[in-house]
Amino acid sequence: MSSQQTIKRIAIFGSTGSIGTQALEVIAENPSLFSAEVLTAHNNDELLIEQALKFNPNIVVIGDDKKYAAVKDALASTDIKVFAGEKALEEVASMDCYDLMLAAIVGYAGLRPTLKAIENGKAIALANKETLVVAGDIIMRKAVENRVPIIPVDSEHSAIFQCLIGETRNKIEKVILTASGGPFIGRKPNYLVNVKREHALQHPNWSMGAKITIDSATLMNKGLEMIEAKWLFNLKPEQVQVVIHPQSIIHSMVQFEDGSVKAQMGLPDMKLPIQYALTFPQRIKNDFPRMDFKKITTLSFEEPDVKTFRNLALAEEALNKAGNLPCIMNAANEIAVFAFLRNRINFLDMTDLIEKTMKFNFRHLFFPDINRTSFINLL
Ligand code: NDP
Ligand code: MG
């Protein structure tokens with residue numbers, strides 16, 4: 001980027017999370033390129049205050065109204081505007097004080113602010129995959145209508161996005177999403193039934209928020225990513241394939257109609273796709289650790305075990321049947337993960353809960369072709 005370039009004003013929705021804090025590291029390392037204009041948290045007022053004092057944003061939002069006074073008091077000597085509550089997230093997303101939203105809230109809660117930002121014509125760096133799982137049709141259509149770029153942050157989708165640069169006229173045969181397999185790769189149900197929360201929260205390759213770490217352990221994360229890929233890259237379900245790649249070096253691949261396969265590689269570090277989403281279409285220099293191919297002796301691949309990790313099979317069913325089934329699946333998964341994290345259900349119960357919810361007779365509620373206008377009115 002040239003030194004003449006104006007500073008890109010970033011709104012980080014979910015600044016206190018794993019993605020949010022890493023994005024702030026990228027911003028801190030590149031003060032001539034970026035400013036943190038909006039920061040939002042849900043409960044973590046202490047970290048939000050600390051971030052606000054360090055980055056001096058225009059606006060902060062604390063989701064939990066009860067924490068408003070604490071945040072307001074702590075920032076009283078600054079010009080930072082403080083808002084609170086769910087509605088404030090949407091109101092701030094509709095403001096003009098930023099150029100790009102990093103959508104890094106976890107779960108369904110991220111949908112509405114992201115939709116408002118798109119309607120507001122703001123570029124989106126999308127980490128929140130649930131947004132596309134529950135409303136991919138609406139999000140992608142609104143993005144086209146408002147000429148808003150949706151730049152993926154999820155490492156697999158960032159990889160595919162990078163593989164597709166310069167290939168606009170070439171047909172994709174399929175995309176191959178790589179999955180580490182999580183901490184329980186190779187395990188069977190008799191082991192998984194006894195898995196405890198603390199163990200499931202230990203991911204071998206990535207350090208992430210609690211919800212996505214559990215989703216990675218159950219392989220639901222890869223299922224959500226299949227649906228995310230379908231919307232981002234306008235693919236048919238049969239064009240999205242998953243392969244287990246325990247080293248997490250190849251972040252994903254694209255196979256073109258001549259059989260040629262392009263892959264994007266890197267060490268498993270989310271700061272790289274975060275930085276790329278913020279600087280796209282440029283790449284900028286950084287001091288992140290580099291790959292050393294002399295030390296990477298093995299890159300291995302295997303079929304996912306969908307009989308054991310049934311969440312992936314359920315997500316494939318949702319991908320194929322489409323309509324509002326992915327939304328139903330996502331809702332059940334959010335509840336299941338929440339319950340598991342509170343030790344209320346066991347590891348395998350999560351899949352049973354999701355399966356039962358998906359099989360529930362939603363006949364009168366199942367819309368193979370969602371009535372978009374009425375759905376938008378519900379939002
Ligand atoms: P975290 O749980 O670490 O952070 C979530 C952020 O969202 C926090 O700032 C949190 O605030 C805020 N938040 C939580 N609930 C609400 C709510 N109801 N309303 C408003 N804000 C809320 O999540 P991650 O950073 O791990 O993940 C964020 C998103 O990015 C997810 O959708 C995930 O799937 C996706 N993603 C994450 C990756 C990773 O490496 N972490 C990789 C690829 C995708 P508070 O801290 O106050 O609770
Ligand atoms: Mg991912």
Side-chain angles (χ1 to χ4, degrees), residues 11-25 38-52 60-67 70-71 83-90 92-93 101-114 124-134 152-161 175 177-182 201 203 205-216 219-229 232 242 245 248 250-252 264 266 268-274 277 330 333-334 337-338 341:
I12 306 184
F13 278 61
S15 65
T16 49
S18 163
I19 292 287
T21 50
Q22 293 179 84
L24 281 172
E25 286 176 32
V38 176
L39 301 176
T40 87
H42 189 50
N43 284 308
N44 196 342
D45 54 332
E46 285 182 16
L47 183 54
L48 183 67
I49 291 164
E50 189 186 315
Q51 292 178 339
V60 297
V61 185
I62 181 82
D64 182 353
D65 302 8
K66 294 190 285 301
K67 305 261 171 96
V71 179
F83 295 89
E86 227 175 274
K87 273 278 158 210
L89 289 170
E90 291 177 59
V92 172
M101 172 195 273
L102 172 62
I105 288 177
V106 61
Y108 175 80
L111 171 62
R112 290 171 198 237
T114 307
I124 307 291
L126 188 74
N128 177 283
K129 62 194 82 183
E130 295 91 344
T131 286
L132 286 180
V133 173
V134 303
V153 169
D154 214 348
S155 56
E156 297 76 1
H157 306 76
S158 175
I160 295 167
F161 186 79
V175 301
L177 295 173
T178 52
S180 71
L201 282 171
H203 194 280
N205 302 348
W206 300 94
S207 162
M208 309 178 284
K211 194 251 175 189
I212 185 176
T213 306
I214 301 303
D215 283 345
S216 299
L219 291 202
M220 177 53 90
N221 183 49
K222 213 46 56 180
L224 300 176
E225 290 183 356
M226 291 178 85
I227 301 170
E228 181 185 14
L232 279 172
V242 170
H245 167 50
S248 298
I250 293 184
H251 295 311
S252 278
Q264 188 266 340
D269 178 357
M270 282 309 295
K271 273 173 74 178
L272 192 47
I274 292 169
N330 182 74
N333 182 55
E334 289 195 21
V337 173
F338 184 86
L341 284 170

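We number each residue from 1, following the sequence as shown. Whatever order the structure lists them in is the order used to number ligands and atoms, beginning at 1.
Protein heavy atom closest to atom 43 (C) of ligand 1, with residue, atom name and distance, is Asp154 OD1, 3.0 Å. The protein non-hydrogen atom at the shortest distance from atom 3 (O) of ligand 1 is Ser18 N, 2.9 Å. Remark: minimum distance from atom 27 (O) of ligand 1 to any protein heavy atom is reached at Ile19 CG1, 4.3 Å. For atom 26 (O) of ligand 1, the closest non-hydrogen atom of the protein is Gly209 N, 2.9 Å. In terms of protein heavy atoms, atom 19 (N) of ligand 1 is closest to His42 ND1, 3.4 Å. Of all protein heavy atoms, the one lying nearest to atom 35 (C) of ligand 1 is Ala127 O, 3.1 Å. Protein heavy atom closest to atom 14 (C) of ligand 1, with residue, atom name and distance, is Val106 CG1, 3.7 Å. Of all protein heavy atoms, the one closest to atom 29 (C) of ligand 1 is Ile105 O, 3.6 Å.
A donor and an acceptor atom, one from each side chain of Asn205 and Ser248, are located under 3.5 Å apart.
Across Lys129, Met208, Glu156, Glu228, heavy-atom proximity to atom 34 (O) of ligand 1 is greatest for Lys129. Of the candidates Lys211, Glu130, Arg112, Glu86, Glu130 brings a heavy atom nearest to atom 32 (O) of ligand 1.
Minimum heavy-atom separation, Thr213 to Gly209: OG1-O, 2.6 Å.
The backbone of Ala104, and not its side chain, has at least one atom closer than 4.0 Å to an atom of ligand 1 (non-hydrogen atoms only; backbone = N, CA, C, O). Counting heavy atoms under 4.0 Å from ligand 1, residue Met270 touches it through the side chain alone. When non-hydrogen atoms are compared, ligand 1 lies under 4.0 Å from the side chain of Ile212 (C-beta onward) but not from its backbone.
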Please list every donor-acceptor pair under 3.5 Å in which a side-chain atom of residues 220-228 meets a protein atom from a residue at least two apart or in another chain.
from	atom 1	to	atom 2	distance (Å)
Asn221	OD1	Lys129	NZ	2.6
Asn221	ND2	Glu225	OE2	3.2
Lys222	NZ	Glu156	OE2	2.7
Lys222	NZ	Thr178	O	2.9
Lys222	NZ	Glu225	OE1	2.6
Glu225	OE2	Lys129	NZ	2.9
Glu228	OE1	His157	ND1	3.3
Glu228	OE1	His157	NE2	3.2

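For the atom pair Ser15 OG and Gln51 CD, the distance stands at 4.0 Å (nearest 0.5 Å). The line from CE of Met101 to OG1 of Thr40 is 8.0 Å long, rounded to the nearest 0.5 Å.
Rounded to the nearest 10 degrees, the angle OE1 (Glu156) to the Mg ion (ligand 2) to OE2 (Glu225) equals 100°.
Salt bridge present: Lys66 and Asp64 bring a charged side-chain N and a carboxylate O closer than 4.0 Å.
Atoms of ligand 1 found under 4.0 Å from any heavy atom of Gly14, numbered from 1 in the order shown, are 6 (C), 7 (O), 9 (O). Each of the following atoms of ligand 1 lies closer than 4.0 Å to a heavy atom of Ala109: 17 (C), 18 (N), 19 (N). For ligand 1 and Asn43, the ligand atoms under 4.0 Å from any heavy atom of the residue are 45 (P), 47 (O), 48 (O). Close approach of ligand 1 to Thr16 (heavy-atom distance below 4.0 Å) involves ligand atoms 8 (C), 9 (O), 10 (C), 11 (O), 45 (P), 46 (O), 47 (O).
Formation of a donor-acceptor pair under 3.5 Å by the Ser158 side chain with backbone atoms of Asp154 is not found in this model. Looking at Glu334, its side chain does come within 3.5 Å of a backbone N or O of Tyr108 through a donor-acceptor pair. In terms of modelled atom types and a separation under 3.5 Å, the side chain of Asn128 and the main chain of Leu111 share no donor-acceptor contact. No donor-acceptor distance shorter than 3.5 angstrom exists from the side chain of Glu50 to the backbone of Glu46, with no hydrogens or angles considered.
Nearest N/O/S atom of Asp154 relative to the Mg ion (ligand 2): this is OD1.
Contact of the Ile62 side chain with the Leu48 side chain is registered, since non-hydrogen atoms from C-beta on lie closer than 4.5 Å. Between Leu102 and Phe13 there is no side-chain heavy-atom pair separated by less than 4.5 Å.
Distances between N or O atoms of Ser155 and those of ligand 1 include no value under 3.5 Å. In terms of polar-atom proximity, Gly17 is counted as a contact of ligand 1, with an N or O under 3.5 Å from an N or O of the ligand. Taking only nitrogen or oxygen atoms, main chain and side chain alike, Gln22 does not reach within less than 3.5 Å of ligand 1.
Residue Thr114 forms a side chain to side chain contact (heavy atoms under 4.5 Å, CB included) with just one option from Ile124, Leu89, Ile105, Leu132, and that option is Ile124.
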